[in-house]
Amino acid sequence: MYSCAKFIATPALVRSSSRLLCRPISVSILSKPEARTDEACSTGVPNALVQIAHRQFQTSAVSRDIDTAAKFIGAGAATVGVAGSGAGIGTVFGSLIIGYARNPSLKQQLFSYAILGFALSEAMGLFCLMVAFLILFAM
């Protein structure tokens, strides 16, 4: 068993493989191919072994299509909050009318509360719209 392991795992192969496998994926992705071939030549290990031990990140056309579809679905889901904002604004002003009909002397105080409710409801709708645009154009 020991002689078999000694035959398979030469010191140069162990050094280069462990260095490549312990590196973070981001370094493996962002490193240039020219630098990888130079590194393989300097360790004395053939390129085929280094390429097997090296992690690659590739994106296919199908994966990009799925990512684009996911963006559109996410943006559509984020836009649903705008409808909730419209319903909230309608509820606020409907309650204002009911409150004014019950007690006309509180007109000024009820109106200030209604404007506050309108502003908060509209802000939530704008936040939903902003998230939808971030999903579409920032990612």
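If you're wondering where the values come from, they're calculated on a predicted model, not measured in any experiment. Index from 1, following the sequence. Quick note: numbers below take in every heavy atom, side chains included, and nothing from hydrogens, waters or symmetry partners.
- Pairing each heavy atom of S121 with each of S85, the nearest pair is O-OG, 2.9 Å.
- Through chains of ILVMFWY side-chain contacts below 4.5 Å, L116 is grouped with L120.
- Residues I97 and F118 do not share a hydrophobic cluster, clusters being chains of Ile/Leu/Val/Met/Phe/Trp/Tyr side chains in contact below 4.5 Å.
- Here L110 pairs with L96, L106 under the side chain to side chain contact (heavy atoms under 4.5 Å, CB included) rule; sequence neighbours left out.
- Looking at residues two or more places apart in sequence or on another chain, you find a side-chain hydrogen bond (donor to acceptor under 3.5 Å, both in side chains) between N103 and S105.
- Through ILVMFWY side-chain contacts below 4.5 Å, V92 is grouped with nothing and stands alone.
- Grouped by direct or indirect side-chain proximity (heavy atoms under 4.5 Å, Ile/Leu/Val/Met/Phe/Trp/Tyr only), V131 sits with I135.
- Partners of Y113 by side chain to side chain contact (heavy atoms under 4.5 Å, CB included), not counting sequence neighbours, listed by chain and number: Q109.
- For the side chain to side chain contact (heavy atoms under 4.5 Å, CB included) test, residues two or more places apart in sequence or in another chain that qualify with L136 are F72, A75.
- Among residue pairs with one or both ends in residues 68-82, none qualify as side chain to side chain donor-acceptor pair (under 3.5 Å); sequence neighbours excluded.
- Connection of F93 to Y100 is not established within any shared hydrophobic cluster, with ILVMFWY side chains joined at heavy-atom distances below 4.5 Å, either directly or through further cluster members.
- A search for side chain to side chain contact (heavy atoms under 4.5 Å, CB included) contacts involving S95 returns T91, not counting sequence neighbours.
- A78 approaches C128 most closely through the heavy-atom pair O-CB, 3.3 Å.
- Other members of the hydrophobic cluster containing F127, listed by chain and number, are M124, M130, L134; membership follows side-chain contacts under 4.5 Å among ILVMFWY residues, whether direct or relayed.
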